[in-house]
Amino acid sequence: MSIFTPPSRDCPLCPRLVEFRMANRAKFPSWHNGPVNPFGGLDARLLIVGLAPGLRGANATGRPFTGDWAGDLLYDTLLAKGLAKGTYAERADDGLELIDCRITNAVRCVPPANRPTPAEAKACRPFLADEVAAMPNLRAILAIGGFGHNEALTALGVKKSAFPFAHGAIHRATQKVTVVDSYHCSRLNTNTGRLTAEMFAKVVEEAVVRMG
Ligand code: URA
């Protein structure tokens, strides 16, 4: 098993993201404003892969999806499906615990307008690859959105063209790991009805089945 080392607090790899981080540190000094480390143990069987921290959510609180609109649906669903215990209170110190699952982002620093560039995705890629390799019990990945899907497949070392993204798709990506796809649980997708709470609950249930 390999070792996973997260990016340093002042990770210098992406000049545009460093500039954005410095501006946010000046503007919002009480916020986390650094790479957001994953939440949950490396011994988990399920890894949930998001896009990148939201400006006022994970970038502010320091925990993936925490304080984001997207986090309300994600954490409520994890609690309902037995993948978390405690209370989700939109803060990193709310005491919420994940059960056999871990949440991470394909890109670990907040990008302007929620959009990492291809160069930023590439620079951050080794962190997800190392993380996946450092999870000895990993059986399932829940990809939150097409970006997370692509980066998860790359981290697993398989061809993206063999496993096209589709909401609800179940990809036997490797002998050990199944990737389950969901539309991103973003405000846009839930407000427009592209993703409902029921649809999201169903893909989380699928991911639980694939952990077995
Ligand atoms: N917050 C995250 O941490 N990741 C996302 O993909 C969206 C919101």
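Numbering of ligands and ligand atoms starts at 1, following listing order.
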Checklist line | Exceeds 12 heavy-atom contacts within 6.0 angstrom, atom CZ of Arg115 | finding: no

Output block, N or O contacts of ligand 1, threshold 3.5 Å exclusive:
from     : atom 1 : to     : atom 2 : distance (Å)
ligand 1 : 1 (N)  : Asp68  : OD2    : 2.4
ligand 1 : 3 (O)  : Phe65  : N      : 2.8
ligand 1 : 3 (O)  : Asn105 : ND2    : 2.9
ligand 1 : 4 (N)  : Ala52  : O      : 3.0
ligand 1 : 4 (N)  : Asn105 : OD1    : 2.8
ligand 1 : 6 (O)  : Leu51  : N      : 2.8
ligand 1 : 6 (O)  : His184 : NE2    : 2.9

Note to self: Does anything in residues 159-177 form a side-chain hydrogen bond (donor to acceptor under 3.5 Å, both in side chains)? List the pairs, not counting sequence neighbours.
What the structure shows: His171-Asp181

Scan the side chains in residues 131-141 for donor-acceptor partners under 3.5 Å anywhere in the protein, sequence neighbours excluded, and list what turns up.
from   : atom 1 : to     : atom 2 : distance (Å)
Glu131 : OE1    : Thr104 : OG1    : 2.9
Glu131 : OE1    : Arg108 : NH1    : 3.1
Glu131 : OE1    : Arg108 : NH2    : 2.7
Glu131 : OE2    : Arg102 : NE     : 2.7
Glu131 : OE2    : Arg102 : NH2    : 3.1
Glu131 : OE2    : Thr104 : OG1    : 3.2
Asn137 : ND2    : Asp43  : O      : 2.9
Arg139 : NH1    : Asn137 : O      : 3.4

Note to self: Tell me which pairs pass side-chain hydrogen bond (donor to acceptor under 3.5 Å, both in side chains) where either residue lies in residues 48-62, with sequence neighbours left out.
What the structure shows: Asn33-Asn59

Check: So does Glu205 have more than 12 non-hydrogen atoms from other groups sitting under 6.0 Å from CD?
Finding: yes

Margin query: Donor-acceptor check, side chain of Glu120 to backbone of Thr117, threshold 3.5 angstrom: yes or no?
Written below: yes

